Number of protein chains: 2
Amino acid sequence: MNRKVTSLDVAARAGVSQSAVSRVFSGASASQRTVDAVREAADHLGYRPNVVARSLITGRSKIIGLVVAYLDNAFYPDALERFSNELQAQGYHILIFMAHGTTSDIDRVVADLLDHQVDGIIAASVGLSDALTDRCRGLNIPVVLFNRGDADPSLPQVTSANFAGGQKVAKYLVQAGYQRIAHISGWSGSKTGQDRAEGFADGLVKAGSQLIAQVDGMYKREVAAAAAQDLVQTYAVDAIFVGNDHMAFAVLDHLRFEMGLSVPDDVAIVGYDDVPMAAWSAFDLTTVRQPSGRMVQATVYMLLALIEGEENLAPKHEIDGELIIRGSTRALEQEA
Amino acid sequence: MNRKVTSLDVAARAGVSQSAVSRVFSGASASQRTVDAVREAADHLGYRPNVVARSLITGRSKIIGLVVAYLDNAFYPDALERFSNELQAQGYHILIFMAHGTTSDIDRVVADLLDHQVDGIIAASVGLSDALTDRCRGLNIPVVLFNRGDADPSLPQVTSANFAGGQKVAKYLVQAGYQRIAHISGWSGSKTGQDRAEGFADGLVKAGSQLIAQVDGMYKREVAAAAAQDLVQTYAVDAIFVGNDHMAFAVLDHLRFEMGLSVPDDVAIVGYDDVPMAAWSAFDLTTVRQPSGRMVQATVYMLLALIEGEENLAPKHEIDGELIIRGSTRALEQEA
DNA sequence: CTGAAAGCGCTAACAT
DNA sequence: ATGTTAGCGCTTTCAG
């Protein structure tokens, strides 16, 4: 059993002091002679610095905690992959936590994260309690909300322009000639869902129409599917804006295969996110694109700046997303 | 700024020694009096033990490195979620690495993991170089391959019964009356893909049929879709077994919407994995279920046992998966 | 530029 | 059961 090789072993073999070894591996200045000798010895012995010891003394772990709620919504695995790449490129690693639960659940998880001395936290689509937010602030550990707004605009957060996105959908549906328009919203407890819903209602009114009905889809497939059925049967809607693609796929399936309706001929469906699947022919879903690449970049940038101690940073970052028109809605009438 | 609270501060306030505090938080024995005093002081000061310091001295980080390649294949986000739950329940956390790359890429990533003193590594669907495998062994860090076999059966690995799964599909397709059967395999460089392909070919022969053609789908949607088109046009196949659901969805879409064919009337499609989407009406895919819950449990169990120093453990664990018959193939003819 | 020495916050003998 | 002591492997003053 290869006992663990320490910087002391390397120092002995290279004929230098242990601190010289440390300098070489932490990029501090050293003469070429020293560097060469240390490198040779390290390679020979298979030495690699122990980052745990390093973290203990520097107080930084180079680890980012990522809390994420829904991995069954394809938007998040996609974002996770981008986060991993982006952060790895900056020398950070991701400690991951799934938190599909209550606030207290999430708090426990984040407390764990804190114990691990993470340098920063990304909360993807989950809310943190005020107590926890305070604690992070007390420990000077930055938290950035990803795809999750907060009522408190001073909390660092990155979202797409949800209100504007909702408006875009409204304007388009009205222009396309739909008359009885409903909305299956994202969970009303989430700012993101609220904003989309409010933007949609606002856009409808501004376009001279109005919302026939609105139901909370809770970000759940079954809830959304049942809501869609009700909307069609009870309100005879001809278009439904669904709060995200994840639910929209369920609605599409239910309408087509359970109810035998045609989309878009009987009912038009619009989603939100433009996850890769939305472009698949089986769905061909009209949706608002959330540019996850840019959202992730903004989040990472913001988080690292905060870690570096940046003070004057606009905490709220909204990224615009365009409406992608596909076959789940009828095409816009040609301009005269 | 709340300076960091250490066990020393707690000790001072509780009127006990620092080691008493340590004992209380690491679960060693202590009198009720001490425990109470320490708890009170800790709560008051907001103390939490620093796990980095603990790791440094115990030599265990309670962190598991998870290396994963394809998050766009829904099987993996699902597994990730299960891993997270399972491991969290055991007091472990997941340091995640995305490695969609070459071997050298993966090696760099795992070297990184090793630097972080992870207690164990789960390699989901990626191969590690021999050099790295050796290094892990040298450092006594267990590695378990998840959904990824290896030519070396002494490497701990958890897979479904891929060969048997391929056989099941073959037997079923022949019994259902298909005559011209082809296979779009998973990447031939992966043991998993190979085993399914070999089992399929074997099953076909045993059922008195044979493989008309086989193409490597590389686990890529586009490759699989193009292969399917070729198979239909050049070989006039009436059934295709696709190496996993991820590719099968692409094939289904391409056949139906690009080529205007009917599945299953013109061509039958079978996948492998039974990811949640396979059950959606839009796909309704016949497939072999990989019981990801049980696979994850087996992997975690094996990994933790290895970490605890367990020696006599069967390294290879295969979990049986049943064939789920849905609408992408015609139903079996009734037994006479 | 380099070595010696002092810790980072904690656990683990070892005494008491 | 509890306090004392000695580190875990490294970074970081501080002299030289």
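Here is how names work: the chains are called A, B, and so on, in the same order as the sequence lines, proteins then strands, and each is numbered from 1. This one's a predicted model, so the numbers in the text were calculated from it and none came from an experiment.
Minimum heavy-atom separation, V51(A) to D115(B): CG2-O, 2.9 Å. Closest heavy-atom contact between L80(A) and I96(B): CD2-CD1, 4.3 Å. Minimum heavy-atom separation, A69(A) to S125(A): CB-O, 3.9 Å.
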Show which side-chain atoms of residues 6-14 of chain B pair as donor or acceptor with protein atoms under 3.5 Å away, not counting sequence neighbours.
unit_1, atom_1, unit_2, atom_2, d
T6(B), OG1, L8(B), N, 3.1
S7(B), OG, Q18(B), NE2, 3.1
D9(B), OD2, T6(B), N, 2.9
R13(B), NH1, E40(B), OE1, 3.0
R13(B), NH1, E40(B), OE2, 3.0
R13(B), NH2, H44(B), NE2, 3.3

Which side-chain N or O atoms in residues 144-151 of chain B pair as donor and acceptor under 3.5 Å with protein atoms at least two apart or in another chain?
unit_1, atom_1, unit_2, atom_2, d
N147(B), OD1, Q290(B), NE2, 3.4
N147(B), ND2, Y76(B), OH, 2.9
D150(B), OD1, D152(B), N, 2.8

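Applying the ring-ring contact (aromatic ring centres under 6.0 Å, His included) test to F25(B) and every residue at least two apart in sequence or in another chain returns Y47(B). Evaluation of the ring-ring contact (aromatic ring centres under 6.0 Å, His included) rule for H116(B) yields H93(A) as partners, not counting sequence neighbours. Remark: F75(B) engages no residue in a ring-ring contact (aromatic ring centres under 6.0 Å, His included) (not counting sequence neighbours). S292(A) meets the side-chain hydrogen bond (donor to acceptor under 3.5 Å, both in side chains) test with D78(A), R82(A); sequence neighbours excluded.
In 5' to 3' order, the nucleotides of DNA chain C bounding all contacts with chain A (an atom under 4.0 Å from a heavy atom) are dC1(C) to dG9(C). Using a 4.0 Å cutoff to heavy atoms of chain A, the contacted part of DNA chain D runs 5' to 3' from dG9(D) to dT13(D).
S31(B) comes within contact range of the sugar-phosphate backbone alone, with a heavy-atom separation under 4.0 Å but no base atom that close. Backbone-only engagement by T34(B) is indicated by non-hydrogen atom pairs under 4.0 Å involving sugar-phosphate atoms exclusively. Here T6(B) lies in heavy-atom contact (under 4.0 Å) with sugar-phosphate atoms only.
When the local axes at the two ends of the helix from dC1(C)-dG16(D) to dT16(C)-dA1(D) are compared, using 5 base pairs at each end, they differ in direction by 30° after rounding to 10°.
A side-chain donor from one of Y219(A) and S190(A) sits under 3.5 Å from a side-chain acceptor of the other. With 3.5 Å as the limit, one finds no donor-acceptor pair spanning the side chains of E81(A) and N85(A). With hydrogens and angles left out, the side-chain atoms of S22(A) and S19(A) include no donor and acceptor closer than 3.5 Å.
The stretch residues 36-44 of chain A has no heavy atom under 4.0 Å from DNA chain D, so no residue of it qualifies as close. Residues from residues 7-19 of chain A lying near DNA chain C, meaning a heavy-atom separation below 4.0 Å, are V16(A), S17(A), S19(A) in numerical order.
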Can you check side-chain contact (heavy atoms from CB on, under 4.5 Å) on V109(A) and Q88(B), steps first, answer last? CA-CA 9 Å; V109(A) 148; Q88(B) 247 168 271; 3.6 Å; yes
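Pairs passing the ring-ring contact (aromatic ring centres under 6.0 Å, His included) check and including a residue from residues 292-311 of chain B, sequence neighbours excluded, do not occur.
Nearer to the 5' terminus of DNA chain D, by closest-nucleotide assignment, is the contact made by R23(B) (compared with the other of A53(B) and R23(B)).
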